[in-house]
Structures are given as structure tokens and as C-alpha cells.
Amino acid sequence: MNATCSEQHRTACGVGGLFTALAIERCLPIMHCGPGCFGNVSATLGSMNGGQSGETYLGSVIPSTNFCEDDVVFGGTERLRKLIGECEKYYDADMFFIVDGCTAEIVGDDIGEAASEWAGSEKPVLYASLPGFKGNNVRGHEQVLSAIAEQYLKPARGTDPKQVNIFGVVPFFDPMWAGSLDALEELLTRMGLKPNIIYGRERGVANVDKIPAAGFNLVIAPWTDLSLAERLKEMFGTPYLHFDNLPIGPTETARFIRSVVDYADLDRGVAEDYIKREEDRFYYYMRRSYPWIFSCKNFPRKFIVNAASAAAVSVVRFAVNDLGLIPSRVYITDGTPKEHEDMISEQLRRVDYDEDFDVIFTEDGGLFEESIKNEDFSIRKICVFGSAWDLVPAKKYKLTFVSVAAPYGDRMVGSRTYFGYEGALRFCEDLYANAADNIVDPGI
Amino acid sequence: MAVDLNWKTIPAREQRLGSITGYDGTLSDMATQGCKGCLRDKRRDFQTASSCAHHHMINQLAGLRDVAVVDHAPTGCIGSQVFFSSGRAKTEPPPGAPPMENVRIMSSGIDESDTIFGAAEKLKNAVRAAYVRHKPREIYIATSCVSAVIGEDAESVAAEMSEELGVPVVPATGGEGLRSKIWASGFDAYCHAASVARLKDEIRAEHKKPAISYVGFAPMGRRHIEPLFKRIGLDLICLTAAASIEDFKRAAESAATWGQCGAQSSYLCSVLEKEFGVRYFQSHLPYGGVGFERFFLDIARFVGREEDGRRVIEEEKAKYLPKIDKIKRRLEGKTALIAMGASFAYEYTRILGELGMKVLHTVAYHYDPKLDNLRPEERVAAATDVFELKLDVPTSVNDAQQQETNLLTKKYKPDIVLSRAHEAGVFAQLQGIPAMDAEIGLIVMGYRGLYRVAVLLEEAFLMNNLVKKFGERYVSPFSALYENTEPFQFYREEAI
């Protein structure tokens with residue numbers, strides 16, 4: 001029986017790419033989609049992903065043609081044209097981003113043509129085709145960024161060698177994107193750079209405009225946005241630095257800082273002073289809690305990751321290199337393109353640990369729950385680093401659980417981040433609190 | 001058009017019931033036109049995203065016990081089900097049932113090439129996989145926008161898989177997102193599919209059991225309501241999330257049924273009535289004191305226990321009215337704007353009146369001029385109130401078009417906005433207007449429910465420091481031009 005399961009998805013529909021547009025302040029997505037397509041992406045990327053929602057534009061004010069049966073027969077572009085006109089008049093926005101979904105694509109509505117009628121208007125009107133049958137929200141995210149590059153960016157008059165554009169983090173999808181980008185911005189500024197981020201508060205279209213002027217691009221992720229960086233290199237000659245994860249904890253954060261400092265030829269002394277001070281601080285707090293951690297004999301040592309590649313690489317590096325936890329197996333659930341799988345496997349195994357462990361690429365998020373049904377936890381438990389879907393089996397088997405990826409769960413994420421030294425302490429607080437809550441088990 | 005378990009695809013609410021998503025006027029006018037069968041829908045040129053029938057069909061089906069749902073769609077169409085799964089997993093299981101777990105929803109994962117070459121084999125494999133992994137007692141195949149547009153035959157696959165796997169595999173169609181602007185059409189598609197799976201082959205019982213069936217989202221509040229029905233000799237069966245196949249069979253033998261609202265429940269209640277002679281009570285919903293007294297007496301009379309029914313009402317009144325009256329003093333004269341689903345919008349209009357408040361305008365997310373019941377004398381609850389209680393209020397209908405509701409809020413300047421889901425209340429609070437997201441179902445039934453509503457309202461008025469501070473910092477997403485438009489200027493009337 002050729003039966004492949006696909007459940008408990010940790011990604012959203014391709015239309016979810018609109019959240020990348022939504023992350024750019026005052027950029028308004030215009031949907032040429034069914035009435036519920038926003039709702040169908042907003043849990044995994046919004047409410048159930050750390051209680052997030054649009055800030056400039058609440059989900060409920062995002063305009064949509066609400067594609068229906070009549071449009072299948074007659075086409076919906078006329079209604080879309082009309083809606084774009086209404087949006088220009090009735091919203092306070094700096095940029096409009098038309099996206100379409102499955103049905104409009106199947107019937108052949110041309111959103112590019114609709115957008116072209118607004119070429120040269122004061123507020124840019126961009127478009128990206130995001131049908132779910134072509135891929136998930138990570139693809140959607142890449143389509144939106146590609147549209148910005150191809151349809152909007154113009155060569156800069158001059159470049160600023162200190163300006164670095166930050167890519168790789170998928171906003172909203174990474175539940176801690178806002179806090180992480182703030183912390184990253186602060187760190188890079190301290191190192192002497194001028195970070196340019198397009199997502200989040202007080203950045204917006206002005207920062208999008210600055211993209212071509214960067215001295216270099218930083219892609220801080222296992223694979224997302226690498227294609228964008230390549231394209232920007234072709235278009236504007238901007239070189240890029242690829243650092244394969246958003247670092248958590250002393251080992252990776254120091255490696256990251258040194259990579260950037262070497263690459264951009266920054267002051268090594270400033271960087272080393274910073275690393276030393278922050279490492280000392282991190283270990284001060286760890287030593288303060290370690291007698292308690294050590295005394296909790298049943299804190300698990302092995303762990304499983306069931307998450308998007310970005311979260312997985314960050315967490316595996318920190319958990320292994322700094323916390324001394326043992327990787328049991330890693331499920332990568334974000335639909336990583338086949339051509340990147342070997343690279344991700346290699347990234348995951350590039351840790352201070354000699355034994356091998358399984359890396360499984362699957363969009364079947366339920367595989368983990370299925371796999372532990374017959375596992376023997378009577379002697380020793382494990383940690384699970386996953387998402388809201390994993391919380392249920394983790395509770396059932398009383399496993400230590402930390403949510404690290406979408407859908408993060410129905411709790412407020414605020415400005416939380418696991419990035420860097422401070423973020424690593426947040427991770428430890430979450431990890432050991434949960435471990436302690438699940439420590440007493442009648443099976444032991 | 002009532003219910004028909006032989007329908008391969010259940011018609012959407014717009015076609016089946018003449019339901020609408022655009023209206024502005026008064027409740028009495030809308031109800032009167034609705035009852036005469038001449039209510040016309042209005043469309044709008046400028047609209048925002050609303051909600052998906054397919055999404056709601058699936059969350060209801062997957063909530064049932066011992067089922068798996070296979071969504072014949074691109075994987076993204078089930079992306080938001082984690083919301084329901086997570087909520088469901090936190091609820092208390094029904095007595096004797098195992099702890100709640102994640103919902104079992106698979107995707108056939110229609111991709112680009114499938115839109116050209118078809119995906120029947122993929123669907124079969126997904127059904128097999130669902131069976132192997134979860135061993136459900138029933139499998140539903142949900143059809144979607146994409147599977148409908150490319151012409152997939154879910155019915156044949158379902159028949160073939162039923163044969164192969166030896167468990168019922170039932171197509172759930174009619175809830176495709178593009179089929180209806182009314183997301184409640186997805187509830188109907190759920191009711192139809194679950195009825196076909198669980199009730200179609202049941203024999204009509206000659207003698208009814210002393211029980212009443214409740215059709216709704218969740219059984220929350222059951223423990224408070226069950227004893228009231230016991231007093232008039234009825235067991236309570238909940239056809240809600242976690243309902244088992246046996247619960248449905250017991251419901252077919254029950255004496256009476258009612259639903260949480262017309263939107264979610266009317267089709268399943270009507271199936272019970274038409275196919276099994278279970279009396280469907282829908283004209284009086286049991287919310288607030290007035291609603292509860294009418295409803296409970298209807299039921300008590302029907303089972304020949306009127307005196308017992310009256311005693312229950314008196315006892316409930318004695319228990320809660322003094323407490324309610326105390327709070328009422330603080331609510332009296334306050335004004336409200338309501339924005340909610342079709343039934344609850346007008347239930348709360350009446351309830352706030354009972355609490356001494358004045359409703360300035362009520363927005364319903366759609367309106368059904370009639371429901372699926374057989375007996376024409378049973379009107380929809382809102383229309384019943386218009387004729388029985390002379391209930392009236394300026395009203396409009398929009399499918400969660402919060403930009404319209406927002407203009408109404410500005411126009412009416414209510415003391416509070418009472419909403420349920422879909423962000424009407426959030427929108428108000430960010431502008432500094434107090435708001436409350438209201439509860440529905442058993443939890444707000446009867447005098448205890450009325451007391452609960454009063455307590456929540458009292459709190460909503462008592463403290464609004466955060467709301468005030470939001471208001472001071474509010475920036476409208478709209479242009480000044482829009483903020484100064486009239487609420488209904490984008491409407492145009494459609495021929496029926």
C-alpha cells in the first residue's frame with residue numbers, strides 16, 4: 001500500500017506569503033482570493049503563532065475580491081481592477097501588494113496586467129502569484145521578495161559599505177522574528193554596521209528603498225532568501241554573507257560575530273570585548289542556576305526537533321554545543337527544496353558531537369507523534385522542540401517541551417527572542433521550567 | 001427546500017434558504033420581508049476578506065470522535081485547523097471518553113500538475129494513509145475550491161475506498177470556499193456529511209426516548225444545563241465536538257432537538273426532524289431570561305411536564321435574578337452596538353434589553369429569512385421576536401466587513417461594542433471604545449447564562465485603562481476620505 005500521510009502541517013498556504021508584505025509597515029496586501037484564504041493562513045502565521053496579527057492593518061481590514069463561483073465562469077480581473085482603485089482611495093498606505101490564490105490562477109486571471117495599470121502611480125502597486133498548489137508560505141515569502149526586487153528596486157546612486165541588508169528571517173512564520181530582528185539590529189550596530197531591515201516597526205518602504213545601496217547582504221538562515229541574495233548580486237552587484245542560522249547562545253553567537261567582523265573588516269577588538277563580556281554574563285547566570293539544574297536528576301538529555309529548518313539548525317547548534325543535550329532525531333517540516341536538503345543535513349550535523357542522528361525531511365508533521373507511540377519512556381524521557389501540534393503528545397507522554405517554530409501556540413510572543421546571549425537564557429528558562437513541570441512520572 | 005440526504009452536494013445557504021450578506025434597514029423590515037420571501041441581497045464593490053466555508057466544514061467534522069478527515073486540496077487549505085485542534089485538546093472529554101488529542105486531518109496535497117492531470121490516485125493514497133495511521137471508524141473526504149474547479153470525483157473515490165477499507169468513507173461536499181459567501185454553508189455541509197455517514201441508514205424509532213439533543217460547537221456549560229432537563233425527565237445528548245457515532249444514533253431516538261443557533265445547527269436538527277420525527281424547536285432560543293422561559297416551557301409542554309418546567313424556571317429566577325438586578329443597576333441606560341453571527345446578533349439585542357441597555361445598531365454577519373425546518377409556523381428566532389415581542393433595532397448585514405461596522409461604530413458612538421470573533425470588538429478597543437467578545441452556546445443559556453453575561457458586561461464597563469490608552473494612540477488604516485464616507489455607500493442591490 002503506497003500510503004503517505006500528510007497532517008499537522010507546520011507551514012501555511014502559499015498565500016501566507018502576504019504576511020511578508022504585511023510585515024513591511026504600511027504595505028497593504030490586496031487579495032484576489034477566496035473569502036477565507038486569509039483566515040486559512042492566519043492561524044499558523046498569526047493568532048496560533050504567538051498571538052500575532054497585522055499591526056498597521058488588522059486581518060479584518062485586508063481587502064479581498066472574495067473570489068466566488070461567478071468569477072470562475074466570468075473571470076475576476078475586472079472586480080480586482082475596481083478593488084485596487086478603491087484601495088488607493090480608501091487606505092492610508094505606502095505600498096500595495098496584490099496577491100492571488102489557487103482559483104484565480106486556475107482560471108487564468110492576470111494580476112500582473114491589473115497591477116500594470118497602476119504603473120507610475122504615486123504609491124507602488126506590486127504583485128505576486130501565490131497559489132497554494134504551487135507551494136507553501138515559505139515559497140510565498142520568496143515570491144513576495146522576488147517581486148520587490150524585480151518590480152520595484154532601482155539601482156542606488158551610491159553604496160554605503162557599512163549598510164547591511166538583513167534577509168533570511170521569514171517574518172510572522174518565525175514567531176520571534178520581531179524580537180530577533182530588533183536584537184540583531186542592535187548587535188550589528190554595536191559592531192559598527194548600519195543594519196537595514198525592511199520588516200517591523202518604523203522601518204517600512206523607506207528601508208525597502210535602501211536595499212540597493214547596501215555594502216553587502218546578510219542571509220542569516222539555512223536556505224531561505226539565498227536566491228534573493230543571488231539575484232541582488234546580479235542586479236546591483238551587492239555581495240552577500242551567508243550565515244547558516246540565527247544564533248542562540250555563546251558558541252554560535254561568537255562565531256556569527258566573528259564571521260561578520262571578518263567579512264566586513266570591522267574592529268576585531270570591539271567584537272572580542274563584546275563577546276567576552278556577554279559570555280561572562282551568560283555563564284554567570286547559568287552557574288547561578290546550575291546547582292538546581294544538576295540536582296534535577298530526571299531532566300532529559302536527549303531531544304527531538306520537529307520544526308522548520310531555520311528553527312532546527314539554531315536549536316540543534318545551541319542544544320548540542322552549549323547545553324550538552326543529545327540529538328535523537330530531527331524532522332524538517334518547512335518543505336525545504338530538494339536541492340538544499342544535503343546542505344541542511346550537513347548544517348545540522350556540524351556540531352560538537354561525534355555520533356550520527358537521523359535527519360528527516362517531511363511535511364508530515366504528524367510523523368513525530370506517530371513515531372513516539374511505541375517508544376519506551378519508562379526509563380528515560382526526552383525533550384521535544386517543536387510547535388503547538390507537538391504540545392498535545394508532549395503533554396500526553398509528559399515530555400519536556402519547548403515551542404520553537406510555527407505554529408508556536410496560543411500564547412503571547414511579544415518581543416521574545418532566543419537570539420544571542422540574552423535569548424539563550426530565555427530558552428533555558430523555558431526549557432528547565434517545562435522540564436521541572438514534567439519531572440515526576442509514575443513510570444519511573 | 002428542506003433537507004435531503006440524497007443530495008450529492010448540498011446547496012449553499014444563499015440558494016437553499018435565500019440567506020443574505022448585505023442589508024441595511026431595520027430588523028422588523030428585514031424579518032417581515034424575509035417571512036414574505038421577498039428579501040433581496042445586496043453586494044458590495046469594496047470588501048475585505050471574511051471566512052471560509054470549507055474551513056468550517058472541516059473543523060466541525062474533525063471535531064467528531066473517531067474520525068479522520070482527508071482534505072482533497074492543496075495542503076494550505078487546512079493550515080488554520082491548528083486553532084481548533086489546540087482548543088479542542090484543552091477541553092474536558094465527555095464522561096467516559098479518552099483525553100482529547102490533536103484532530104486527525106490529512107491533506108491529499110493537490111499540486112500544480114494535479115490541477116492538469118487530476119489527483120484521484122493521490123486522494124486514494126491519502127485516505128489509505130489516514131486509515132493506516134489512525135484507524136478511524138469513519139473517514140470524510142472534504143472537497144475544496146481546487147478539487148471542485150478541476151472536477152475531481154470525490155464520490156467515486158469514497159465508494160471505492162469504503163469497499164477497500166471496510167469503514168465508511170463519506171464525501172463532504174458543498175462547503176468549498178468559493179461556493180458561498182456565507183461561511184455557515186460550511187456548517188451545513190458538515191451537517192449533511194455527518195448525517196449521511198451516521199444517520200442515513202438508521203431506522204426511524206417508533207417510540208422516542210426521553211431525551212433532547214443539542215446541536216452546537218462545544219458542550220461547554222453542559223454540567224449546568226443537564227440537571228435542568230433532568231427535572232423535566234429528559235437526558236441531554238450533545239451533538240457537538242467529541243460526539244460519537246453512538247451519540248448521533250441516540251439523538252435519532254430522542255424526543256426533541258434544538259441548536260445553538262440557526263447558522264450552525266439548523267440542517268442537522270432538521271434532518272433529525274424530517275427523517276426521525278424528532279421535534280425541532282427553533283423559534284425560541286434559550287438565551288437570556290425571556291428566551292429561556294419561552295424555550296423551556298415549549299419543551300416542558302411538549303413532554304407533558306409544564307408544571308415541572310415552571311418550577312425549574314422559578315427556581316432559576318430565584319437563584320439568579322437578585323444577583324442580576326444588582327448588576328443591572330450599573331448597566332441601565334448604557335448603549336451598545338452589536339456585531340455577531342446571524343442568530344446571536346439578535347439574541348444579544350434582546351438580552352441587552354433585558355439588562356436595561358439600549359442597542360443602537362445590530363450587525364449580523366448574515367441573515368437567514370428561514371431555516372431548514374419542515375413546519376412553516378416555526379420562524380427563525382429573530383423574526384419570532386419581531387412578531388412576538390415587537391423587537392426592533394436599526395440593523396445591517398455584512399459578512400464580517402469590519403470597515404463597514406467601524407463606520408457604524410463612529411456614527412452611533414455606543415458605550416460598548418459587543419462582538420463575537422472576526423475582530424469587530426478589537427477594532428473598537430484600539431480606538432478607545434470599550435468592547436466585549438461575547439460567549440455563545442450552553443454556557444450562556446438560561447438565568448445562569450444571563451447572570452454570566454451581566455457579570456462580564458459589568459467588568460467590561462468597570463475598567464478600560466488599556467483601552468483608553470490604545471485610543472489615544474490610534475492610527476486609522478484608512479484614508480480620511482474613507483473615514484468620512486457613509487456606511488452603506490458600496491452596496492448595490494442584486495436581483496434574486
Side-chain angles (χ1 to χ4, degrees), chain A residues 1-9 12-16 31 34-44 47-48 56-64 66-69 72 82-83 86 89-92 102-103 106-107 131-134 136-137 363 366 369-370 388-389 392 396 407 409-410, chain B residues 45-55 73-83 85-86 89 99 101-102 104-107 109-112 114-115 125-126 128-130 132-133 145-146 149-150 177-179 181 183 399-400 402-403 422-424 426-427 476-479 481-482 485:
Chain A
M1 193 185 283
N2 174 22
T4 47
C5 253
S6 175
E7 64 172 337
Q8 296 185 19
H9 303 105
C13 169
V15 165
M31 300 179 73
C37 291
F38 182 81
N40 289 349
V41 295
S42 67
T44 298
S47 58
M48 281 299 295
T56 322
Y57 307 108
L58 287 177
S60 57
V61 305
I62 291 176
S64 170
N66 294 342
F67 198 93
C68 61
E69 268 181 323
V72 175
K82 227 170 172 178
L83 182 65
E86 308 278 13
K89 272 193 288 185
Y90 296 132
Y91 284 92
D92 191 13
C102 295
T103 39
I106 291 174
V107 304
F133 61 72
K134 280 193 183 169
N136 64 28
N137 67 291
E363 287 194 79
E369 186 174 342
E370 182 64 13
W389 285 112
V392 178
K396 181 175 173 179
D410 46 357
Chain B
D45 292 331
F46 175 44
Q47 56 184 329
T48 52
S50 63
S51 198
C52 181
H54 178 73
H55 171 72
T75 49
C77 289
I78 50 174
S80 277
Q81 298 297 340
V82 63
F83 173 80
S85 186
S86 180
E101 300 203 32
N102 282 321
R104 308 304 187 194
I105 308 173
M106 316 278 146
S107 177
I110 292 181
D111 64 23
E112 195 169 15
D114 299 328
T115 64
N125 282 334
R128 288 178 186 123
V132 169
R133 182 174 284 184
C145 292
V146 175
V149 172
I150 65 173
L178 52 59
R179 187 87 72 184
K181 273 179 69 63
W183 60 85
D399 51 337
Q402 303 309 352
Q403 76 284 7
H422 307 286
E423 293 188 342
V426 180
F427 211 149
S476 169
F478 296 109
S479 65
L481 183 63
Y482 184 80
T485 54

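Convention: sequence-line order gives letters A, B, ...; per-chain numbering from 1. These values consider heavy atoms only, across backbone and side chains, with no hydrogens, waters or symmetry-generated copies.
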Classify the ring geometry between Phe46(B) and Tyr91(A) as parallel (under 30°), tilted (30 to 60°) or perpendicular (over 60°).
perpendicular
Run the side-chain contact (heavy atoms from CB on, under 4.5 Å) test against Thr103(A) and tell me which residues pass, sequence neighbours left out.
Phe67(A), Cys145(B), Val149(B), Leu178(B)
Ionic contact status for Glu369(A) with Arg133(B), cut-off 4.0 Å:
no
Going by the rule ring-ring contact (aromatic ring centres under 6.0 Å, His included), which residues pair with His55(B) if we only count those two or more places apart in sequence or in a different chain?
Phe84(B)
For the candidates Glu101(B), Gln402(B), Gln403(B), which exhibits the highest count of non-hydrogen atom pairs separated by less than 4.5 Å from chain A?
Glu101(B)
So which of Val82(B), Ile110(B), Leu481(B), Ile78(B) has the biggest tally of heavy-atom pairs under 4.5 Å with chain A?
Val82(B)
Measuring only between side-chain heavy atoms, which start at C-beta, is Trp389(A) closer than 4.5 Å to Asn102(B)?
yes
Indicate yes or no: at least one non-hydrogen side-chain atom of Asp399(B) is less than 4.5 angstrom from one of Pro35(A).
no
Proximal component of Val72(A), with respect to chain B [non-hydrogen, under 4.5 Å]:
side chain
Run Met106(B) and Gln8(A) through side chain to side chain contact (heavy atoms under 4.5 Å, CB included) and show every step you take.
CA-CA 8 Å; Met106(B) 316 278 146; Gln8(A) 296 185 19; over 6 Å; no
Tell me if a side-chain donor or acceptor on Asn136(A) pairs with a main-chain N or O of Gly76(B) at a distance below 3.5 Å.
no
Can you tell me which portion of Ser107(B) sits under 4.5 Å from chain A's heavy atoms? Options are side chain, backbone, both or neither.
both
Give the C-alpha distance, both sets of side-chain angles, the deciding distance and a yes or no for side chain to side chain contact (heavy atoms under 4.5 Å, CB included) between Val61(A) and Phe478(B).
CA-CA 9 Å; Val61(A) 305; Phe478(B) 296 109; 3.9 Å; yes
